[in-house]
Colleague: 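Take a look at this one; I'll ask things after.
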Amino acid sequence: MGVLRQEAGPQEAGLDAEALGRLDRHFAHEVDEGRLPGFLVSVARGGRVAHLTAYGRRDVAAGLPVESDTLWRIYSMTKPVTAVAVLILVEEGRLSLDDPVGRHLPAFAEPRVYVGGSGDGMRTRPASTPLLVRHLMTHTAGLTFAFYHAHPVDGLYREAGLESSVAPGTDLAGTVDAYARLPLQFDPGTQWNYSVASNVLGRIVEAVSGQPLDVFLTERILGPLGMTDTGFHVTGEQAGRLAELYGETGGSSDGGPHGIEPVAGLPLRGRPRFLSGSGGLVASAHDMHRFMELLRRRGELDGVRLLTPGTVDLMTRNQLPGGADLRAFGSRPAHDEPGNEGIGFGLGVSVVVDPSRTQAPSALGTYGWTGVATTAFWVDPGRDLTVQFYTQVRPRSSHTAFRDLKRLVHEAVTG
């Protein structure tokens, strides 16, 4: 087990201690008002943690505090880890970003696109372009989530029992086959839609490597990086450090004040049958600091190189057609950003392409991702800055936590 520790003072790292105090007070107020159970935030420059705060409770009912070794459900922050796994196989020549997905997963050999209708009257047509691995990496594959209510294909996912993105009673292979039986929303590469694509990528990792996803991640990424508290389940020793998951209550829909209450989370006691490359990992702040450092250092950490600098540069560069941002594709905001203006997408991470248009202060080239339980990380290469934030609240609707966090960190950077 590794424990994240502060390694430098704010001033020597070019950070304003008073501004960092404002950041802490802002989120402490959210805890004190009952809108968050607790939080952990760290800010590092040049790889050295210069600000680290843990506040509030990881389990409110039990009175257990948030500590630096608390374990968090990181949900969609799993996706960049899965992307690194894919890129390792690409560098080894066992996979290509331009491989048709059907080459590795035959169920996707002949993808079809939704045209209209429903049930027996549903109309589809063959996709006009091949579905490629890179489309999965950039969420331009035409896949979706069942919890959206914006397109008829979203409803088809619900009818197939994919409300939680897993086909009931199946493993990763069975679930991905269920996705393949459904039509795409659009021709691959033509639009952007945040989706279950990273689960398909996880299954490709299994098919190409011949290993279960958890084994591959442990042997090729988590173990080499010393991320010993990261995985798809917790051990008996780890269980006491796992933060309780909460859901948001009240608010505009029912007129009541905002609050939180415990909700069911990922089944983490024992290895799950379904290994979600999209959102299945639990991790500590120490471990995610190690992962951010791998990316900040362009593929190498403490003498261990997982990717070449060029591959990390490719991963963290906008890959959307024409260099457009997400809003250009008419997409719904993903949970990582308060809005999609000025935000592009690389291979598994969002990328700031136009800071003048983002709704929160952001530097050009900053990349990262978040999780639905209000967790976030980002790497700012230009300012040699890494930031991570954790709480465990699944919001009912849009919230300002990420926007506030970006603004408050931005105000703290002086050097």
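Only heavy atoms go into these numbers, but all of them, side chains included; no hydrogens, no water, no symmetry mates.
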Colleague: Less than 4.0 angstrom from a charged side-chain N to a carboxylate O is my criterion; do E411 and R22 meet it?
Modeller: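 Salt bridge: yes.
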
Colleague: Parallel under 30°, tilted from 30 to 60°, perpendicular over 60°: which one fits the rings of W369 and H139?
Modeller: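 Answer is parallel, since the angle falls under 30°.
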
Colleague: Give the C-alpha distance, both sets of side-chain angles, the deciding distance and a yes or no for ring pair (Phe, Tyr, Trp, His ring centres under 6.0 Å) between H151 and Y114.
Modeller: CA-CA 10 Å; H151 190 282; Y114 178 85; 5.7 Å; yes

Colleague: Which atom names give the shortest non-hydrogen contact between L184 and P111, and what distance separates them?
Modeller: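 Distance-wise, the nearest heavy atoms are CD1-CB, 3.9 Å.
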
Colleague: Do L306 and P224 come close enough that some side-chain heavy atom pair is under 4.5 Å?
Modeller: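 Answer yes - side chains close enough.
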
Colleague: Less than 3.5 Å apart, any donor N or O on the side chain of T308 or E91 sitting next to an acceptor on the other?
Modeller: yes

Colleague: Rounded to the nearest 0.5 Å, how far does CD of Q238 lie from OG of S284?
Modeller: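 Reported value, rounded in 0.5 Å steps: 9.0 Å.
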
Colleague: For the residue pair L4 and L52, establish whether any side-chain heavy-atom pair is separated by less than 4.5 Å.
Modeller: yes

Colleague: Is any side-chain heavy atom of V3 closer than 4.5 Å to one of H286?
Modeller: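 Side chain of H286 against side chain of V3, heavy atoms only: no contact under 4.5 Å found.
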
Colleague: What I'd like to find out is whether the side chain of Q392 reaches to under 4.5 Å of the side chain of E244, using heavy atoms alone.
Modeller: no

Colleague: When you compare the side chains of S128 and D187, does any donor N or O come within less than 3.5 Å of an acceptor on the partner?
Modeller: yes

Colleague: On a heavy-atom basis, which atom in E293 and which in L301 lie closest, and how many Å separate them?
Modeller: CB-CD1, 3.8 Å

Colleague: So that I can tick it off, tell me whether R290 and D302 are bridged by a salt bridge, with the cut-off set at under 4.0 angstrom between side-chain N and carboxylate O.
Modeller: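 Yes, D302 and R290 are salt-bridged.
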
Colleague: Any donor-acceptor pair under 3.5 Å linking the side-chain atoms of Q191 with those of Q185?
Modeller: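 Looking only at side-chain atoms, Q191 and Q185 do not form any donor-acceptor pair under 3.5 Å.
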
Colleague: Hey, are the side chains of F232 and V282 touching, using non-hydrogen atoms and a 4.5 Å cut-off?
Modeller: no

Colleague: Could you walk me through whether Y367 and W378 pass ring pair (Phe, Tyr, Trp, His ring centres under 6.0 Å), step by step?
Modeller: CA-CA 6 Å; Y367 58 87; W378 73 82; over 10 Å; no

Colleague: Between T400 (side chain only) and R403 (backbone N and O only), is there a donor and an acceptor less than 3.5 Å apart?
Modeller: no

Colleague: Regarding T140 and T138, is there a side-chain donor-to-acceptor distance under 3.5 Å anywhere?
Modeller: yes

Colleague: Look at R134 together with D99 and state whether they make a salt bridge at an N to O cut-off of under 4.0 Å.
Modeller: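 A salt bridge is absent here (no side-chain N lies under 4.0 Å from a carboxylate O).
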
Colleague: Between D98 and S96, does any side-chain donor sit less than 3.5 Å from a side-chain acceptor?
Modeller: no

Colleague: Do the charged groups of R327 and E341 touch, with an N to O distance under 4.0 Å?
Modeller: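 Looking at R327 and E341, the cut-off is met.
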
Colleague: For the side chain of T366 and the backbone of S362, is there at least one donor-acceptor N/O pair under 3.5 Å apart?
Modeller: no

Colleague: Applying ring pair (Phe, Tyr, Trp, His ring centres under 6.0 Å), run through F389 and F27 and close with a yes or a no.
Modeller: CA-CA 11 Å; F389 177 87; F27 286 104; 4.7 Å; yes

Colleague: Between R241 and D229, is the salt bridge (Lys or Arg N to Asp or Glu O under 4.0 Å) condition met? List the steps.
Modeller: CA-CA 10 Å; R241 294 189 282 129; D229 270 330; 2.9 Å; yes

Colleague: Which pair of heavy atoms, one from R73 and one from A373, lies closest together, and at what distance?
Modeller: O-CB, 4.2 Å

Colleague: Would you kindly say whether S42 and Q388 are connected by a side-chain donor-acceptor distance under 3.5 Å?
Modeller: yes

Colleague: For residues L347 and L314, determine if any side-chain heavy atom of one lies less than 4.5 Å from a side-chain heavy atom of the other.
Modeller: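 Of all side-chain heavy-atom pairs linking L314 with L347, at least one is under 4.5 Å.
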
Colleague: Can you tell whether the side chains of R58 and E67 come within less than 4.0 Å, N to carboxylate O?
Modeller: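 Answer for the salt bridge query: yes.
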
Colleague: Classify the angle between the aromatic ring planes of F145 and Y148 as parallel (below 30°), tilted (30 to 60°) or perpendicular (above 60°).
Modeller: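 Rings of F145 and Y148: perpendicular, over 60°.
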
Colleague: If we only count heavy atoms from C-beta on, is the S76 to Y194 side-chain gap below 4.5 Å?
Modeller: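 When only atoms from C-beta onward are counted, Y194 and S76 do touch, with a gap below 4.5 Å.
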
Colleague: Pair E12, R45 - check salt bridge (Lys or Arg N to Asp or Glu O under 4.0 Å), show working.
Modeller: CA-CA 10 Å; E12 64 179 302; R45 296 293 295 277; over 6 Å; no

Colleague: Is H410 atom NE2 crowded by more than 12 heavy atoms from other residues, nucleotides or ligands, each under 6.0 Å away?
Modeller: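 Incorrect, the count does not exceed 12.
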
Colleague: Would you say D287's side chain and T230's backbone share a donor-acceptor pair under 3.5 angstrom?
Modeller: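 Checked: pair present.
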
Colleague: Looking at R158 and E163, does any basic side-chain N land under 4.0 Å from a carboxylate oxygen?
Modeller: no

Colleague: Mind telling me whether Y390 and W72 have parallel, tilted or perpendicular rings, with 30° and 60° as the class edges?
Modeller: parallel

Colleague: Which is it for E30 and R35 under the salt bridge (Lys or Arg N to Asp or Glu O under 4.0 Å) test, yes or no, and what are the steps along the way?
Modeller: CA-CA 5 Å; E30 293 295 293; R35 289 187 287 269; 3.0 Å; yes

Colleague: Would you sort out whether S195 and N193 count as a side-chain hydrogen bond (donor to acceptor under 3.5 Å, both in side chains), showing the intermediate values?
Modeller: CA-CA 6 Å; S195 73; N193 191 57; 5.8 Å; no

Colleague: Considering non-hydrogen atoms only, spot the tightest contact between E206 and L275 and give its length.
Modeller: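 So the two residues come closest at OE2-CD1, 4.1 Å.
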
Colleague: Is the closest side-chain heavy-atom distance between F274 and T175 below 4.5 Å?
Modeller: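 Yes - at least one pair of side-chain heavy atoms lies under 4.5 Å apart.
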
Colleague: I'd like to know if the side chain of D24 pairs up with that of Y55 as donor and acceptor (distance under 3.5 Å, no hydrogens or angles considered).
Modeller: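 Checked: D24/Y55 side chains show no N/O donor-acceptor pair below 3.5 Å.
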
Colleague: Should we say atom CD of Q11 is surrounded by more than 12 heavy atoms from elsewhere, each under 6.0 Å from it?
Modeller: no

